[in-house]
Amino acid sequence: MFTPDLASFELRECADLPKNTLMAPLPFIREIRCLLGNIGIDMVIGTEETVLLSSDVFEAFRSWDAVQDEPQVDSDEDNHWMN
């Protein structure tokens with residue numbers, strides 16, 4: 001279950017973290033594991049409310065986030081089943 005508490009976390013890039021690593025408070029890590037399962041990212045329990053991401057994970061998130069902001073193009077072919 002996604003909780004509103006996750007919205008209060010700050011995501012920051014941390015160049016000191018090894019590649020493919022995320023450091024976050026335990027509740028954040030639990031939610032990610034419940035929602036996404038094993039996503040192939042090393043998750044380390046941190047002591048701050050900030051979520052630290054290695055540079056590669058941070059860039060991947062930024063790329064994903066940018067795509068989420070793009071307007072969706074509807075086509076008749078994709079929506080024919082909705083009629």
Side-chain angles (χ1 to χ4, degrees):
M1 173 194 280
F2 184 75
T3 62
D5 295 337
L6 290 182
S8 66
F9 287 103
E10 177 186 4
L11 299 177
R12 287 194 314 188
E13 181 177 12
C14 180
D16 296 335
L17 286 176
K19 186 175 180 176
N20 209 29
T21 303
L22 173 148
M23 180 182 288
L26 184 58
F28 186 91
I29 291 176
R30 277 191 196 135
E31 292 292 331
I32 294 296
R33 289 284 188 211
C34 288
L35 290 170
L36 302 176
N38 185 3
I39 57 174
I41 294 177
D42 295 327
M43 296 191 190
V44 179
I45 298 172
T47 57
E48 299 177 17
E49 290 298 308
T50 302
V51 177
L52 301 175
L53 306 168
S54 60
S55 295
D56 61 320
V57 174
F58 186 79
E59 184 56 38
F61 176 78
R62 284 183 43 180
S63 297
W64 173 83
D65 193 44
V67 170
Q68 302 308 304
D69 291 338
E70 292 178 4
Q72 299 296 319
V73 177
D74 291 334
S75 72
D76 291 336
E77 292 177 13
D78 292 337
N79 294 325
H80 74 278
W81 55 271
M82 294 178 71
N83 291 332

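Heads up: numbering here begins at 1 and tracks the sequence.
When the side-chain hydrogen bond (donor to acceptor under 3.5 Å, both in side chains) test is applied to E48, no partner is found at least two apart in sequence or on another chain. S55 is linked by a side-chain hydrogen bond (donor to acceptor under 3.5 Å, both in side chains) to E13, counting only residues two or more places apart in sequence or in another chain. Residues satisfying the side chain to side chain contact (heavy atoms under 4.5 Å, CB included) criterion with M43, sequence neighbours excluded, are L22, I29, I32, R33, I39. Remark: D65 pairs with F61, D69 by the side chain to side chain contact (heavy atoms under 4.5 Å, CB included) rule, at least two apart or across chains. For S54, the side-chain hydrogen bond (donor to acceptor under 3.5 Å, both in side chains) partners two or more places apart in sequence, or in a different chain, are D56. In this structure L26 satisfies the side chain to side chain contact (heavy atoms under 4.5 Å, CB included) test together with R30, I45, sequence neighbours excluded.
Side chain of N20 to backbone of D42: no donor-acceptor contact under 3.5 angstrom is found.
Here M23 contributes atom CE and D16 contributes atom CG; the two are 10.0 Å apart, rounded to the nearest 0.5 Å.
In this structure, F28 is not a member of the same hydrophobic cluster as L52, with clusters built from ILVMFWY side-chain heavy atoms closer than 4.5 Å.
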